[in-house]
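Every chain is numbered from 1, with letters handed out A, B, ... down the list of sequences.
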Number of protein chains: 2
Amino acid sequence: MSRKPNLKDVAKVAGVSAITVSRVLTDPTKVSDKLRNKVEQAVRETGYIRNHAASALASSRSGVIAVIIPSLSNIVFNEVLQGIYQTARPNNLQVVLGDCHYSPLEEEKLIATLLGQSPEGIILTGAAQTDYARKLLERADIPVVQLMELTDQPIDMNIGFSHFHAGYDMTKHLLQRGYRTPGFIGARMDPRTQQRLAGFRQALADWPQPCQSFVQTTTQPSSARLGGQLLQALIAESAGKCDAVFCCNDDLALGALFEAQKMNLAVPGDIAICGFNDLESSSLVNPSITSVASARFDMGKQAVEMLLAAAGKPRKSIAPIDVGYQIIARRST
Amino acid sequence: MSRKPNLKDVAKVAGVSAITVSRVLTDPTKVSDKLRNKVEQAVRETGYIRNHAASALASSRSGVIAVIIPSLSNIVFNEVLQGIYQTARPNNLQVVLGDCHYSPLEEEKLIATLLGQSPEGIILTGAAQTDYARKLLERADIPVVQLMELTDQPIDMNIGFSHFHAGYDMTKHLLQRGYRTPGFIGARMDPRTQQRLAGFRQALADWPQPCQSFVQTTTQPSSARLGGQLLQALIAESAGKCDAVFCCNDDLALGALFEAQKMNLAVPGDIAICGFNDLESSSLVNPSITSVASARFDMGKQAVEMLLAAAGKPRKSIAPIDVGYQIIARRST
DNA sequence: TTGAAAGCGCTAACAT
DNA sequence: ATGTTAGCGCTTTCAA
């Protein structure tokens, strides 16, 4: 046999009709044990694999969900992806994934491309979609989940947490620990990073005594190396007065810590350091780094579950789901 | 019109036949300017989006490639994925991704599932596929690339480097630096990790003087935390005699370093540490960690290019491509 | 350059 | 519980 086997081939081998084979594959309980065994045997024998395109065309169910993340290299999204993939698989959903490199325009193009796969739902990161992207999504009329942050104007469903409040609380943590001239270092400066910075500023504004503060940001991609550089810039800018650094993520925080050690600055004695995302390393370095934890795996999982729950049903407006966050105080502050 | 527009609808609006619309979408040069303009106008007017499933079924070209990696959480594969996605997109290829959690059986199931998408090629990690998986792949008759490691019995194409030789060279590096009682710590113990360990053992066997060595491994997933635990176990096993540790990857190495610092062991004075994969942190910690670098992004990129080059052509046996590796000696050894 | 007809492989809907 | 029939929406093939 040279040609790839199709349903009819399997049916012939099993001595049944094509639809029976189809039923065994789709819902085995609809077929008697006897025939089911025959069919399963025939499937194995022929190495049959169902043609997804034909199945999708005939049933108008693609079994696909689309997912767009801003970065494949940021481990944060990997944990979300794990939640997504692990929930999608047992539900027989294929994931088609796009990386929009933090660009709403790239995201728009990706949405257009991915919608061509007739996904049964789509998961997006953040809420910075272009108007045209929103239009495309509305026309597609499929469930949409916006992930990671909370938004007032969701396209459809929304799950995440407030980066503003997390940034606010982290800054308050620094102030409460007695640091009075805190700095903020940020890379990439995507919307969520900006919200963290806004939280930082608001917390300072709300503090009873006025505090001097310093901010160093760049739109360059985040990395530990950059964390070191930004720390240097911050210390230079503040002429050494800065006594604490809020790093917009843990990569930066780790780099800042290593750099501080190279500069013979005691952490937290000379300078406190805190990060965001609570990566594993942050709890293992010396000193361990204070950070913000959030349920990333769970967000991915829930996003898929929300799509599943919404499938087929008429769209009803669901309140955004706030999964919250947690300040994990450690030795670095 | 409430129903989603199809080719015929667009054709009617444009006053042409369906096939003409199809041609405008696929290869506009095949249609006269006059009709092409009419059609393009009609497409915009109707908001038409081509049905991928029908297109794939009729043309038997899915525009999809399948990729299976052992882990979404291991940053190493993310870099490979970036190479894959960044090469796939400009070539109008969709990637369908599967995570087999280092299990050949899960991989087999994933292959079966992903082949259902009629991918035009498939990229696999490693060479530990089950017999049935290999049968499925042969039957599918599409280009296959096995990635990351080199194998004598490739299914089709192969690109990677020798983990055995890398492990061998790294161990030789330790011996040449004067360490005589080296240890190896390994987690997960997937085939590539085992090859690194085999290289470690061979290097010791080949060394002119006999050396005592220690090995601590676990099949648990790798993590920095585990690196610390394995280091403790190694030191206990060797009663402190161990003077160098070859960690099977950089996560373990970082954890081992942090643990050594907590134990007040000088690195590399009391104990040398080296890792594998050359993650960014390895170059930034104090002391920086010796590691093995390889061209992961490039491997992903090349794998897609190999699929593209092989598409359609009769399968000819191509020699495995060795992308090599590099020992990056740093202060930790 | 354009179109008409004939499926691609599967499943929904309708028998039996 | 099983089978028959008729498409799903597109592209291939062949004809004009």
| Counting distance only, does the side-chain N/O of B/Thr113 pair as donor-acceptor with the main-chain N or O of B/Lys109 below 3.5 Å? | yes

| request: Rounded off to whole Å, could you give me the CG-to-P distance for the B/Asp27 and D/dT11 pair? | output: 12 Å

| request: Decide yes or no on salt bridge (Lys or Arg N to Asp or Glu O under 4.0 Å) for B/Asp9 and B/Lys12, but give the supporting numbers first. | output: CA-CA 5 Å; B/Asp9 298 326; B/Lys12 200 172 291 173; 5.3 Å; no

| Does the side chain of B/Glu149 come under 3.5 Å of the side chain of B/Gln195 through a donor N or O and an acceptor N or O? | yes

| Below 4.0 Å: OP1/OP2 of D/dT11 and any side-chain N or O of B/Ser60 | no

| said: Is a donor from one side chain sitting under 3.5 angstrom from an acceptor on the other, for A/Asn51 and A/Asn6? | reply: no

| Nearest-Å distance for atom pair NZ/C1', residues B/Lys30 and D/dC14 | 14 Å

| B/Gln94 versus B/Gln117, side-chain donor and acceptor atoms under 3.5 Å | no

| note | From NZ of B/Lys38 across to C1' of C/dT1 the rounded distance in Å is 14 Å

| B/Asn37 CG to C/dT1 C1', straight-line distance once rounded to whole Å | 15 Å

| Is B/Thr20 near enough to C/dG3 that one of its side-chain N or O atoms lies under 4.0 angstrom from OP1 or OP2? | yes

Short heteroatom pairs, N/O only, protein and nucleotides 9-12 of chain C, under 3.5 Å:
| from | atom 1 | to | atom 2 | distance (Å) |
| --- | --- | --- | --- | --- |
| C/dG9 | N2 | A/Ala54 | O | 3.3 |
| C/dC10 | OP1 | A/Tyr48 | OH | 2.2 |
| C/dC10 | OP1 | A/Asn51 | N | 3.3 |
| C/dC10 | OP2 | A/Leu7 | N | 2.5 |
| C/dT11 | OP1 | A/Arg50 | NE | 2.9 |
| C/dT11 | OP1 | A/Arg50 | NH2 | 3.1 |
| C/dT11 | OP1 | A/Ser55 | OG | 3.4 |
| C/dT11 | OP2 | A/Ser22 | OG | 2.3 |

| task | Ignoring hydrogens and angles, state whether a donor on the side chain of A/Ser17 or A/Arg23 is under 3.5 Å from an acceptor on the partner side chain. | result | no

